[in-house]
Amino acid sequence: MQNAQLSMQDNIGELDLDKQSELRALRKKELDEEESVRKKAVQFGTGELCDAISAVEEKVSYLRPLDFDEARELFLLGQHYVFEAKEFFQIDGYVTDHIEVVQDHSALFKVLAFFETDMERRCKMHKRRIAMLEPLIVDLNPQYYLLVNRQIQFEIAHAYYDMMDLKVAIADKLRDPDSHIVKKINNLNKSALKYYQLFLDSLRDPNKVFPEHIGEDVLRPAMLAKFRVARLYGKIITSDPKKELENLATSLEHYKFIVDYCEKHPEAAQEIEVELELSKEMVSLLPTKMERFRTKMALA
């Protein structure tokens, strides 16, 4: 399912319909060739063996899913085995194993959401992910389970981030989004910020100082977290010009961090090429936007 997502997504991670059509045509060609092999097998008396192998293969198709219905079949099978694994690997006695199984369950929902075209249903899938992941970090000792905590914090943050993006897209289709939708978007934004910040704070040293050099193992997630925090502050909806100016200043601060860090550590630029280019663009654009707000506030 993940391989199928990678082969069909565009440069912003959404479903590319042209790529999907190309893969459908390729699928048809592969199936035609397979049928030709099947006919030869029957001709030479090995048809029963092919049928026996096919019966096993049909449980998990070797073909990548190309739409929601095909992805859902794999999802349901995967979820069946997840439930069996959860039953055995209880959190009391198998903490790490249990968490890995829950993360697998979350990953199944995440990749299934990619194939879903209804944005409200996609939101509900991400909400399910959050519901299963948040309880895990309540009782985990961050000292002994530091890496696991970071993984879960980042994953929860990204789920809230995806939900916020979907809610914004839904609101954009409405002529006049009501206060309830605006409040929902801001709450999702706040939750995403909370978990990204928890992740970033976990990188600080005992004196609460953020590292000058970020370890290679957490470099990309740390840079992504900084980028998404910057974007989230820029997405907060408020009617208060002063508050909006503060949010833009915080957003600029995080974009600048990315640009400055990559200048000092060129190897980091290779990890976040797209985000770095966008950060550079925002570093050049935001000061002008902030100046307009200051002028507007002075005239008010």
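Quantities reported herein were computed from a predicted structural model and do not represent experimental measurements.
- A salt bridge is absent between K264 and E212; no separation between the charged side-chain nitrogens and carboxylate oxygens falls under 4.0 Å.
- Considering CD of E263 and NZ of K280, their distance stands at 7.0 Å, rounded to 0.5 Å.
- Between the side chain of H254 and the backbone N or O of T250 there is at least one donor-acceptor pair closer than 3.5 Å.
- For Y160 and H126, the distance between ring centers is not under 6.0 angstrom.
- The closest donor-acceptor contact from the side chain of S251 to the backbone of N247 lies at 3.5 Å or more, if one exists at all.
- The pair R204-D201 counts as a salt bridge, with a side-chain nitrogen and a carboxylate oxygen less than 4.0 angstrom apart.
- By the criterion of side-chain heavy atoms lying less than 4.5 angstrom apart, applied directly or through intervening Ile, Leu, Val, Met, Phe, Trp or Tyr residues, L136 is not grouped with F83; the two fall into different hydrophobic clusters.
- Here the NZ-CE distance, from K110 to M125, works out to 14.5 Å after rounding to the nearest 0.5 Å.
- With 3.5 Å as the limit, one finds no donor-acceptor pair spanning the side chains of H98 and Q90.
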(request) Could you walk me through whether R129 and E155 pass salt bridge (charged side-chain N to carboxylate O under 4.0 Å, His left out), step by step? (result) CA-CA 9 Å; R129 294 174 57 211; E155 192 171 349; 3.6 Å; yes

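- A salt bridge is defined here as a Lys NZ or Arg NE, NH1 or NH2 lying under 4.0 Å from an Asp or Glu carboxylate O, and K235 with E244 fails to meet this definition.
- With S284 contributing its side chain and E281 its backbone, the two residues share a donor-acceptor pair below 3.5 Å.
- Aromatic rings of F75 and F115 (six-membered ring for Trp) have centroids beyond the 6.0 Å cut-off, not under it.
- V229 and V209 fall into different hydrophobic clusters, where Ile, Leu, Val, Met, Phe, Trp and Tyr residues are linked whenever their side-chain heavy atoms come under 4.5 Å apart, directly or through other members.
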### Message
Please determine whether side chain to side chain contact (heavy atoms under 4.5 Å, CB included) holds for the pair F109 and K124, giving the CA-CA distance in whole Å, both sets of side-chain angles, and the decisive distance to 0.1 Å.
### Response
CA-CA 10 Å; F109 271 105; K124 289 176 181 177; over 6 Å; no

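- With no hydrogens or angles considered, a side-chain donor-acceptor pair links R231 and Y161 at under 3.5 Å.
- Cluster membership check: L252 does not share its hydrophobic cluster with L285, using side-chain heavy-atom separations under 4.5 Å among Ile, Leu, Val, Met, Phe, Trp and Tyr.
- Here the CD1-CE distance, from I130 to M163, works out to 5.5 Å after rounding to the nearest 0.5 Å.
- Applying the ring pair (Phe, Tyr, Trp, His ring centres under 6.0 Å) test to pairs two or more places apart or on separate chains, those with a residue in residues 170-196 are F154-Y196.
- For the atom pair CD (Q9) and CD (Q5), the distance works out to 5.0 Å, reported to the nearest 0.5 Å.
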Exercise for review: Test K256 against V259 for side chain to side chain contact (heavy atoms under 4.5 Å, CB included), laying out the working first.
Suggested key: CA-CA 5 Å; K256 284 184 70 175; V259 174; 5.6 Å; no

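- Judged by distance alone, the side chain of Q197 and the main-chain N or O of L193 form no donor-acceptor pair under 3.5 Å.
- Annotation: ring pair (Phe, Tyr, Trp, His ring centres under 6.0 Å) contacts involving residues 263-296, sequence neighbours excluded, comprise H213-H265, Y261-H265.
- Here the shortest heavy-atom pairing between D178 and I181 reads OD1-N, 2.9 Å.
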Margin query: I'd like to know whether R122 forms a salt bridge (charged side-chain N to carboxylate O under 4.0 Å, His left out) with E116, so could you lay out the CA-CA distance, the side-chain angles of the two residues, the decisive distance to 0.1 Å, and finally the verdict.
Written below: CA-CA 6 Å; R122 286 176 72 180; E116 177 56 73; over 6 Å; no

What verdict does the side chain to side chain contact (heavy atoms under 4.5 Å, CB included) test give for V101 and Y94, after you've listed the backbone C-alpha separation in whole Å, the side-chain angles of each residue and the deciding distance to 0.1 Å? CA-CA 11 Å; V101 173; Y94 296 98; over 6 Å; no

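- Between D240 and T238 the shortest heavy-atom distance is N-OG1, 3.1 Å.
- I214 and L147 sit in two unconnected hydrophobic clusters of ILVMFWY residues. Membership requires side-chain heavy atoms under 4.5 Å apart, directly or through other members.
- Note: I258 CD1 to I272 CD1 = 5.5 Å, rounded to the nearest 0.5 Å.
- Taking both residues in full, the closest heavy atoms of K167 and L188 are given as CG-CD1, 3.5 Å, listed atom of the first, atom of the second, then distance.
- For the pair D97 (side chain) and F89 (backbone), a donor-acceptor distance under 3.5 Å is absent.
- N149 contributes a side-chain N or O that, together with a main-chain N or O of Y145, makes up a donor-acceptor pair within less than 3.5 Å.
- For the pair E22 and K19, the salt-bridge criterion is not met [side-chain N within less than 4.0 Å of a carboxylate O].
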Under the side chain to side chain contact (heavy atoms under 4.5 Å, CB included) criterion, do L203 and R150 qualify, and how do the steps go?
-> CA-CA 9 Å; L203 304 177; R150 284 177 178 169; 3.6 Å; yes

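- Looking at residues two or more places apart in sequence or on another chain, you find no side-chain hydrogen bond (donor to acceptor under 3.5 Å, both in side chains) involving R220.
- Distance check: S106 OG to I156 CD1 gives 8.5 Å after rounding to the nearest 0.5 Å.
- In this structure, E253 does not pair ionically with K226, as no charged nitrogen and carboxylate oxygen lie closer than 4.0 Å.
- With hydrogens and angles disregarded, no donor-acceptor distance shorter than 3.5 Å links the side chain of R228 to the backbone of H158.
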